[in-house]
Amino acid sequence: MSKKVVVLGEAREGALRNVSFEAIAAAKTVAGGGEIVGLLFGDAVQSLGEEMIKHGADRVITVEHPHLKHYTSDGFGQAFMAVYDQEKPDAIVFGHTALGKDLSPKIASKLASGLISDVTAIDGEGDDAVFIRPIFSGKAFEKVKNKDGLLFITVRPNNIEPLAKDDSRSGDVSSVSVDITNLRSVISEVVRKSTEGVDLSEAKVVIAGGRGVKSAEGFAPLEELANLLGGAVGASRGACDADYCDYSLQIGQTGKVVTPDLYIAAGISGAIQHMAGMSNSKVIVAINKDPEANIFKVADYGIVGDLFEVIPMMIEEIKKVKTN
Amino acid sequence: MNIYALVKRTFDTEERIAVSNGKIVEDGAEFIINPYDEYAIEEAIQVRDEHGGEVTVITIGDEEAEKQLRTALAMGADKAVLINTEDDLDEMDEFTAAKIIAEYLKDKNADLILAGNVAIDGGSGQVGPRVAELLGINYVTTITNLEIEGTSVKIIRDVEGDSETIETSLPLLVTAQQGLNEPRYPSLPGIMKAKKKPLDELELDDLDLDEDDVEAKTETIEIYLPPQKAAGRVLEGDLSHQVKELVDLLNKEAKVL
Ligand SMILES: Cc1cc2nc3c(=O)[nH]c(=O)nc-3n(C[C@H](O)[C@H](O)[C@H](O)COP(=O)(O)OP(=O)(O)OC[C@H]3O[C@@H](n4cnc5c(N)ncnc54)[C@H](O)[C@@H]3O)c2cc1C
Ligand SMILES: Cc1cc2nc3c(=O)[nH]c(=O)nc-3n(C[C@H](O)[C@H](O)[C@H](O)COP(=O)(O)OP(=O)(O)OC[C@H]3O[C@@H](n4cnc5c(N)ncnc54)[C@H](O)[C@@H]3O)c2cc1C
């Protein structure tokens with residue numbers, strides 16, 4: 001049976017996050033030829049609709065309201081339920097982002113449905129689709145199936161390949177007006193600490209530093225390497241707690257979960273809570289003075305040595321490769 | 001104030017994990033209170049100490065979970081409730097867990113419910129918000145600071161590294177993020193007192209629930225360990241040679257440069 005699937009798109013600083021496109025690809029896999037309807041909620045999101053269509057959505061519905069400028073579970077919940085009642089989809093896909101994690105259980109609870117969170121891969125397609133998700137802090141995986149009824153999943157950023165952008169695609173972008181009322185949470189202040197540039201959770205290359213970086217200045221060579229590779233700088237909790245960098249760089253169970261093509265861990269011991277946030281990375285490089293460090297167990301390539309010697313040498317060597 | 005903390009007994013994921021017959025091997029494994037629930041318990045105790053009232057810790061599990069409840073009582077919680085599903089349920093999912101907890105809480109007039117933001121074993125992060133929705137109360141997830149004055153609540157929450165200040169009111173459910181507090185260790189007198197504190201045990205029947213009411217919506221069909229990576233290559237030779245080799249491997253073998 002083909003499924004009509006709704007996908008919640010998510011904007012960051014005026015542009016759609018990649019995870020929105022990855023969610024569309026996941027929706028395609030489960031739709032069995034059914035229609036993909038993109039959803040966008042905010043105070044001014046109409047212009048983003050076309051991007052979702054070019055990435056595979058058949059049409060897009062937007063809900064615009066001043067109360068949707070900042071995410072609240074009540075506001076977005078009301079917008080979602082209004083569209084849900086109109087569209088009656090067979091499946092729902094969100095990104096497993098801060099927003100998706102906060103909103104999806106509320107919706108699933110309202111709809112008395114299952115919810116398969118933090119999906120990193122899908123086996124099979126259509127009605128036979130089975131969802132793979134990490135459990136036990138990434139040390140194991142489970143395959144989960146939806147029983148009957150509404151299918152609802154959230155997908156981990158950077159794991160599901162988005163569809164190639166097709167500029168020739170077109171589709172309807174319509175808006176639904178919803179009365180957003182009675183917000184029980186009021187956001188009185190937002191302190192943005194995330195740095196500009198590459199979004200850490202979507203970066204293809206992450207250079208992460210730990211307590212071994214020893215100071216805020218110690219991050220400079222890591223930043224240089226990240227710039228050279230078009231990547232982002234991340235950190236362990238150890239480095240954040242020691243005030244070498246801001247908590248917004250933290251990777252792990254408490255911080256961001258990343259799945260780049262290349263993860264370089266410098267001066268990070270490899271605690272399980274850190275690994276929970278990066279062990280799915282495609283290629284892992286560990287640089288650590290201690291040959292016994294846990295991080296070597298998940299590394300594809302390791303160098304036992306002082307990061308302050310190794311990273312500058314890497315920068316020189318990569319520059320050579322890049323100019324050839 | 002009427003305060004509840006939701007506590008899950010979890011596998012200590014710092015331990016080695018083995019799978020046999022599609023199940024995680026639990027024999028001899030170390031079990032702990034889910035670390036994020038320790039923050040929830042600690043915060044519950046601090047709120048009670050400041051505003052008065054009582055802290056009840058709730059878990060769904062089997063008899064083994066009594067140990068984690070006793071630990072929570074030793075930290076300073078007043079009462080514990082074990083909802084024992086061992087005889088009734090073979091499988092459960094987040095829908096099941098939330099439905100059972102909400103059924104227990106629905107007539108308790110809770111002012112504040114605290115949960116962990118995620119369980120380190122199941123990892124879905126669903127149970128807290130699901131419970132709040134079933135109870136019809138507001139929730140705020142991944143909080144790092146909580147201030148209560150009367151029924152007004154001011155919260156700081158962590159949103160992927162950014163922080164949001166939220167104003168809301170009781171009744172409320174919050175989920176704890178690391179950084180909320182430093183959970184205390186149970187003291188020896190605490191451990192002695194905990195032995196005498198009430199620990200109620202309930203089954204689904206006591207909540208007027210049938211197995212059908214809580215039947216899981218999803219099904220785990222397989223559990224497996226990630227394919228063993230070919231043992232990582234720790235490079236050798238003098239450092240400049242190692243770096244050359246690494247960059248060459250990243251470029252030609254891994255093709256990530
Ligand atoms: C509930 C909970 C949640 C947590 N969540 C997270 C999380 O999300 N993310 C996270 O990262 N941690 C988290 N932690 C903390 C985690 O347990 C570790 O304490 C932390 O990851 C350690 O950081 P580190 O590896 O930088 O420091 P350390 O463990 O101190 O390791 C430093 C490493 O640097 C190496 N080193 C030192 N100098 C050099 C040098 N010059 N060159 C090369 N190597 C060098 C050392 O050999 C050592 O291996 C959490 C803990 C708890 C309890
Ligand atoms: C592979 C696997 C197989 C499982 N099989 C079974 C099974 O056969 N039988 C069975 O009974 N259970 C089983 N479970 C457990 C059950 O699926 C989960 O407890 C439930 O779905 C909660 O989901 P979660 O672990 O993702 O918790 P999350 O939603 O991540 O938990 C968030 C918070 O909710 C609260 N919470 C979560 N669970 C409980 C709880 N049990 N009691 C009190 N508070 C809680 C805690 O405060 C926790 O920090 C299994 C779990 C896994 C991972």
Side-chain angles (χ1 to χ4, degrees), chain A residues 73 98 101-102 105-106 108-110 113-118 130 134-137 139-147 149 184-194 201 229 247-248 250 253-256 261-262 272 283 285 296 299-305 309-310 313-314 317-318 321, chain B residues 11 13-14 17 19 24 93-95 98 118 120-126 129-130 133-134 138-142 159-169 177-179 216-226 229 232-235 239-240 242-244 246-247 249-251 254 256-257:
Chain A
S73 61
K101 279 187 247 187
D102 192 76
K106 178 187 179 88
S109 200
K110 268 189 194 298
S113 78
L115 170 59
I116 304 173
S117 299
D118 201 16
V130 169
I135 51 175
F136 293 86
S137 306
K139 281 194 174 172
F141 287 84
E142 64 171 341
K143 287 190 177 171
V144 188
K145 208 172 77 181
N146 192 42
K147 289 188 178 172
R184 292 173 292 184
S185 289
V186 174
I187 302 172
S188 54
E189 194 188 351
V190 182
V191 182
R192 294 223 182 277
K193 298 183 188 149
S194 345
S201 50
L229 296 174
Y247 281 101
S248 59
Q250 181 180 281
Q253 202 157 58
T254 306
K256 290 185 172 125
D261 294 338
L262 174 61
I272 178 66
V283 175
V285 174
F296 286 116
D300 298 277
Y301 308 113
I303 290 185
V304 178
E309 286 181 60
V310 175
M313 284 162 98
M314 278 183 80
E317 206 53 44
I318 291 171
V321 170
Chain B
F11 198 103
T13 54
E14 299 205 18
I17 286 179
V19 170
I24 300 281
D93 68 358
E94 303 84 357
F95 167 84
V118 72
I120 59 170
D121 53 357
S124 76
Q126 292 183 25
R130 273 187 183 261
E133 183 60 33
L134 288 170
N138 192 22
Y139 65 87
V140 180
T141 56
T142 54
V159 188
E160 297 185 19
D162 293 340
S163 71
E164 270 181 13
T165 306
I166 297 217
E167 295 179 24
T168 182
S169 56
Q177 171 66 310
Q178 189 181 24
K217 304 281 181 185
T218 57
E219 186 185 353
T220 298
I221 51 180
E222 192 186 337
I223 291 177
Y224 60 97
L225 299 179
K229 272 195 172 177
R233 269 165 71 182
V234 176
L235 306 177
L239 206 53
S240 68
Q242 287 186 36
V243 171
K244 269 201 177 68
L246 174 66
V247 171
L249 286 166
L250 292 178
N251 192 26
V256 286
L257 289 189

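Just so it is clear: chains get the letters A, B, ... in the order the sequence lines come, proteins before strands, and each one is counted from 1.
- Proximity to chain A (any heavy atom under 4.5 Å) is shown, for B:Ala98, by neither the backbone nor the side chain.
- When A:Ile135, A:Ile318, A:Val186 are compared by the number of non-hydrogen pairs under 4.5 Å with chain B, A:Val186 comes out ahead.
- Annotation: maximal heavy-atom pairing with chain B below 4.5 Å, among A:Ser201, A:Gly305, A:Pro134, A:Ser73, occurs at A:Ser73.
- Of all heavy-atom pairs spanning A:Lys147 and B:Thr218, the tightest one is CE-O, 4.0 Å.
- With chain B as partner, the option from A:Asp118, A:Val321, A:Val285, A:Thr254 having the largest number of non-hydrogen pairs under 4.5 angstrom is A:Thr254.
- The most heavy-atom pairs under 4.5 Å with chain A, out of B:Leu225, B:Leu239, B:Ile17, come from B:Leu239.
- Heavy atoms of A:Ser113 lying under 4.5 Å from chain B belong exclusively to its backbone.
- The shortest side-chain heavy-atom distance between B:Arg130 and A:Leu115 falls under the 4.5 Å cut-off.
- For B:Gln178, the parts lying near chain A are the backbone and the side chain together; criterion is any non-hydrogen pair under 4.5 Å.
- With B:Thr168 contributing its side chain and A:Arg184 its backbone, the two residues share a donor-acceptor pair below 3.5 Å.
- In this structure, the portions of B:Glu167 lying under 4.5 Å from any heavy atom of chain A include both its backbone and its side chain.
- Counting all heavy atoms, side chain and backbone alike, A:Val304 lies closest to B:Gln242 at N-OE1, 4.2 Å.
- For chain A, the nearby part of B:Asn251 is the side chain; its heavy atoms alone come within less than 4.5 Å.
- Top candidate by heavy-atom pairs under 4.5 Å with chain B, chosen from A:Gln253, A:Lys101, A:Met314, is A:Gln253.
- Heavy-atom minimum distance, A:Ala140 versus B:Pro226: CA-CD, 4.0 Å.
- Heavy atoms of B:Phe95 lying under 4.5 Å from chain A belong exclusively to its side chain.
- Checked by atom type and distance alone, the side chain of A:Ser248 never pairs as donor or acceptor with a backbone atom of B:Gly161 at under 3.5 Å.
- Top candidate by heavy-atom pairs under 4.5 Å with chain A, chosen from B:Ile24, B:Val19, B:Leu257, B:Ile221, is B:Ile221.
- A donor-acceptor pair under 3.5 Å links the side-chain atoms of A:Lys256 to the main chain of B:Glu160, judged by distance alone.
- Checked by atom type and distance alone, the side chain of B:Tyr139 pairs as donor or acceptor with a backbone atom of A:Asp102 at under 3.5 Å.
- Here the side chain of A:Asp300 pairs no donor or acceptor atom with the backbone of B:Gly232 at under 3.5 angstrom.
- When the ring pair (Phe, Tyr, Trp, His ring centres under 6.0 Å) test is applied to A:Phe136, the partners found at least two apart in sequence or on another chain are B:Phe11.
- Between the side chain of A:Glu189 and the backbone N or O of B:Thr165 there is no donor-acceptor pair closer than 3.5 Å.
- Remark: A:Lys143 NZ is packed, more than 12 non-hydrogen atoms of other residues, nucleotides or ligands lying under 6.0 Å away.
- Nearest heavy atoms, B:Ser163 versus A:Lys193: OG-NZ, 4.0 Å.
- Between A:Ile272 and B:Thr13, the closest heavy-atom pair is CG1-O, 3.6 Å.
- From B:Glu164, atom CD reaches atom CZ of A:Arg192 across 8.0 Å, with rounding to the nearest 0.5 Å.
- With chain B as partner, the option from A:Lys110, A:Glu309, A:Lys145 having the largest number of non-hydrogen pairs under 4.5 angstrom is A:Lys145.
- Residue B:Val243 touches chain A through both its backbone and its side chain, counting heavy-atom pairs closer than 4.5 Å.
- Between the CG atom of B:Asp93 and the CG atom of A:Asn146 there is a distance of 9.5 Å, given to the nearest 0.5 Å.
- With respect to A:Lys106 and B:Glu133, a salt bridge is recorded, a charged nitrogen being found less than 4.0 Å from a carboxylate O.
- Residues B:Gln126 and A:Ser117 approach most closely at NE2-OG, 2.8 Å, considering heavy atoms.
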